[in-house]
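These notes are about the structure you will find just below.
Every value quoted in this text rests on a predicted model; they were computed, and no experiment measured them. Protein chains get the first letters and strands the later ones, always in sequence-line order, with residue 1 at the start of each.
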There are 2 protein chains.
Amino acid sequence: MPRHAFDSDDWPKRFRRRGLRFTEPRRLILDILNGTNEHLSAEEIYLAVHKKYPGIGLTTVYRTLDLLVEMGLVHQFQFGDGRSRYELIHNPGKPGHHHHLVCSRCKRIIDYDDFVEEEVELIRKVEEALAKKHDFSIEGHLIQFYGICRECRE
Amino acid sequence: MPRHAFDSDDWPKRFRRRGLRFTEPRRLILDILNGTNEHLSAEEIYLAVHKKYPGIGLTTVYRTLDLLVEMGLVHQFQFGDGRSRYELIHNPGKPGHHHHLVCSRCKRIIDYDDFVEEEVELIRKVEEALAKKHDFSIEGHLIQFYGICRECRE
DNA sequence: TAGTAAATGAAAATCATTTTCATTAAGGAG
DNA sequence: CTCCTTAATGAAAATGATTTTCATTTACTA
Ligand SMILES: [Mn+2]
Ligand SMILES: [Mn+2]
Ligand SMILES: [Zn+2]
Ligand SMILES: [Zn+2]
């Protein structure tokens with residue numbers, strides 16, 4: 001049984017269920033996202049796919065990423081370096097739901113999910129309070145800590 | 001004594017201390033930021049200043065905003081609508097340090113600082129743990145909750 | 001196998017932001 | 001107050017990421 005069989009096997013289904021086709025470019029883009037633990041930009045994904053499939057167009061990468069975000073398979077982030085960065089939500093090499101620690105200087109990004117004891121419970125509570133008070137249906141949160149990494153501090 | 005005397009009176013000093021000049025465009029941009037509780041984009045600020053001072057250039061707005069961010073007077077955010085949005089840190093019409101609740105549909109942004117009891121303390125604790133574990137000096141955090149507001153839900 | 005709609009890629013367009021460069025103006029020295 | 005130096009400004013051009021357009025290709029269906 002191949003590793004990560006569950007999610008990868010699911011991809012084609014998820015597309016077909018929506019009347020969409022699971023094409024080579026789409027498969028390759030997902031493969032790249034599945035195989036990295038970085039937060040890649042559209043261009044970085046394009047370059048990576050390009051090695052295996054030189055015919056790919058940057059346009060297709062953008063279109064596919066929009067689609068994957070829309071389908072809820074990929075998270076899109078803006079870490080402040082002027083371009084969107086993408087991360088596969090169910091990635092075998094990464095923690096599941098996690099937050100980010102970002103170096104303001106070198107832009108290094110660290111995923112973490114070893115939450116402090118009460119962290120998860122508190123977030124649930126905050127979401128509940130916000131939902132009630134502002135009559136919002138909360139669907140998610142973005143939590144990032146900014147700082148300077150050791151290398152950048154010397 | 002004018003309202004918000006403290007901060008506004010401070011602006012010229014802060015500029016001069018850095019060998020920078022406190023010019024009319026800079027003053028006007030700060031006035032706009034000081035007088036709104038929205039999260040304005042560069043263009044929105046430009047349009048607002050333009051009414052009082054039609055000579056202003058969009059370039060100057062961008063340059064001034066960069067400077068204000070660099071000086072630590074203004075926060076720059078990307079809420080995912082493709083442009084940066086800015087907020088004066090010490091704004092008389094706003095809570096001090098606060099987090100955001102964002103409607104994914106209409107992009108409405110709600111400031112909140114009525115943190116749940118243990119919220120502030122927990123964040124401190126998380127920052128401490130992250131700093132130690134990853135050898136980062138933490139300088140801040142970005143916490144946003146996403147959801148759908150009542151209007152957008154009907 | 002043929003037909004139909006989805007998907008693709010190249011090129012052009014768009015949009016926010018940055019750079020360039022000639023001109024203006026702030027504020028200190030005299 | 002006037003001169004001088006240098007910071008600040010604005011218009012126009014450049015840039016860079018993302019989107020749109022459109023002709024062509026491809027996937028799946030009948
Ligand atoms: Mn991550
Ligand atoms: Mn705010
Ligand atoms: Zn760093
Ligand atoms: Zn809304």
Side-chain angles (χ1 to χ4, degrees), chain A residues 11-32 39-71 73-86 107, chain B residues 11-32 39-71 73-86 107:
Chain A
W11 296 338
K13 288 191 188 67
R14 291 186 183 243
F15 279 81
R16 294 203 203 94
R17 209 180 306 145
R18 294 194 167 213
L20 302 174
R21 299 167 186 174
F22 189 65
T23 60
E24 194 68 358
R26 288 172 177 177
R27 187 178 65 70
L28 289 166
I29 289 167
L30 275 164
D31 277 346
I32 293 298
H39 302 78
L40 301 177
S41 67
E43 194 187 11
E44 288 166 347
I45 293 165
Y46 165 77
L47 291 172
V49 173
H50 190 268
K51 290 177 189 158
K52 295 254 163 185
Y53 188 94
I56 188 97
L58 183 52
T59 309
T60 297
V61 175
Y62 275 107
R63 270 190 297 231
T64 302
L65 289 169
D66 285 351
L67 182 60
L68 294 174
V69 169
E70 214 271 310
M71 291 172 74
L73 291 176
V74 164
H75 271 145
Q76 175 175 25
F77 294 101
Q78 282 136 236
F79 290 109
D81 65 342
R83 35 173 129 210
S84 286
R85 295 190 167 273
Y86 302 85
K107 311 297 179 194
Chain B
W11 295 339
K13 288 191 189 65
R14 292 185 182 244
F15 279 82
R16 295 203 201 92
R17 208 180 306 145
R18 294 195 168 212
L20 301 174
R21 298 166 186 177
F22 189 65
T23 62
E24 194 69 358
R26 286 171 180 179
R27 188 179 64 71
L28 289 165
I29 289 166
L30 275 164
D31 278 347
I32 293 299
H39 302 77
L40 301 177
S41 67
E43 194 187 11
E44 288 166 347
I45 293 166
Y46 164 77
L47 290 171
V49 173
H50 190 268
K51 290 178 188 157
K52 296 256 163 183
Y53 187 93
I56 188 98
L58 183 52
T59 310
T60 297
V61 175
Y62 275 108
R63 271 190 296 232
T64 302
L65 289 169
D66 285 350
L67 182 60
L68 294 173
V69 169
E70 213 272 310
M71 291 171 72
L73 292 176
V74 163
H75 271 145
Q76 174 175 26
F77 294 102
Q78 282 132 234
F79 290 110
D81 65 342
R83 35 172 127 213
S84 286
R85 296 190 165 273
Y86 302 85
K107 311 298 179 194

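Atom C1' of nucleotide C:dA16 and atom CD of B:Glu44 are separated by 13 Å, given to the nearest angstrom. If you measure from atom CD of B:Glu70 to atom P of D:dA7, you get 15 Å, rounded to the nearest angstrom. In this structure, the CG atom of B:Leu47 is 11 Å from the P atom of C:dA16, given to the nearest Å. Distance, B:Ile29 CD1 to D:dG10 P: 8 Å, rounded to whole Å. The nearest whole Å value for the distance from the CZ atom in A:Arg83 to the P atom in C:dT17 is 16 Å. Look at CG on B:Leu28: it is 10 Å from P on D:dG10, rounded to the nearest Å. Rounding to whole angstrom units, OH of residue A:Tyr86 and C1' of D:dA17 are separated by 10 Å. Rounded to a whole Å, the CD1 atom of A:Ile56 is 13 Å from the P atom of D:dT26.
In this structure, the separation between CG on B:Leu73 and CG on B:Leu65 is 11.5 Å, given to the nearest 0.5 Å.
Between A:Ile56 and A:Leu28, the closest side-chain pair of non-hydrogen atoms is not below 4.5 Å.
In this structure, A:Ser84 reaches the sugar-phosphate backbone alone: every heavy-atom distance under 4.0 Å involves primed, P, OP1 or OP2 atoms, never a base. Backbone-only contact: A:Tyr53 has heavy atoms under 4.0 Å from sugar-phosphate atoms and none from a base.
Contacts of A:Arg85 classified as side chain to side chain donor-acceptor pair (under 3.5 Å), with partners at least two apart in sequence or in another chain: A:Glu44, A:Asp81. Residues forming a side chain to side chain donor-acceptor pair (under 3.5 Å) with B:Ser84 (at least two apart in sequence, or on another chain): B:Gln76. Not a single side chain to side chain donor-acceptor pair (under 3.5 Å) links A:Arg26 to another residue, sequence neighbours left out.
Taking only side-chain nitrogens and oxygens, A:Arg26 comes nearer than 4.0 Å to OP1 or OP2 of C:dT8.
Residue pairs meeting the ring pair (Phe, Tyr, Trp, His ring centres under 6.0 Å) criterion with at least one member in residues 41-62 of chain B, sequence neighbours excluded, are B:Tyr46-B:His50.
For A:Pro25, whose side chain is taken as the heavy atoms from C-beta onward, the closest listed nucleotide among D:dT18, C:dT8, D:dA8 is C:dT8.
Within 6.0 Å of the NZ atom in B:Lys107, the count of heavy atoms belonging to other residues, nucleotides or ligands exceeds 12.
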Protein N or O to nucleotides 24-26 of chain C N or O, pairs below 3.5 Å:
unit_1 : atom_1 : unit_2  : atom_2 : d
C:dA26 : N3     : B:Arg21 : NH1    : 3.3
C:dA26 : N3     : B:Arg21 : NH2    : 3.4

Might you list the N or O atoms of the protein lying below 3.5 Å from N or O atoms in nucleotides 19-24 of chain D, with each pair's distance?
none

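Across all their heavy atoms, B:Ala48 and B:Ile32 have their closest contact at CB-CD1, 3.7 Å.
Comparing B:Glu43 and A:Phe15 by the nucleotide of DNA chain C whose heavy atom lies nearest to each, the residue mapping closer to the 5' end is A:Phe15. Nearest-nucleotide mapping onto DNA chain C: of B:Gln76 and A:Pro54, the residue sitting toward the 5' end is A:Pro54.
A tilted orientation is assigned to the rings of A:Phe22 and A:Trp11, their planes being inclined by 30° to 60°.
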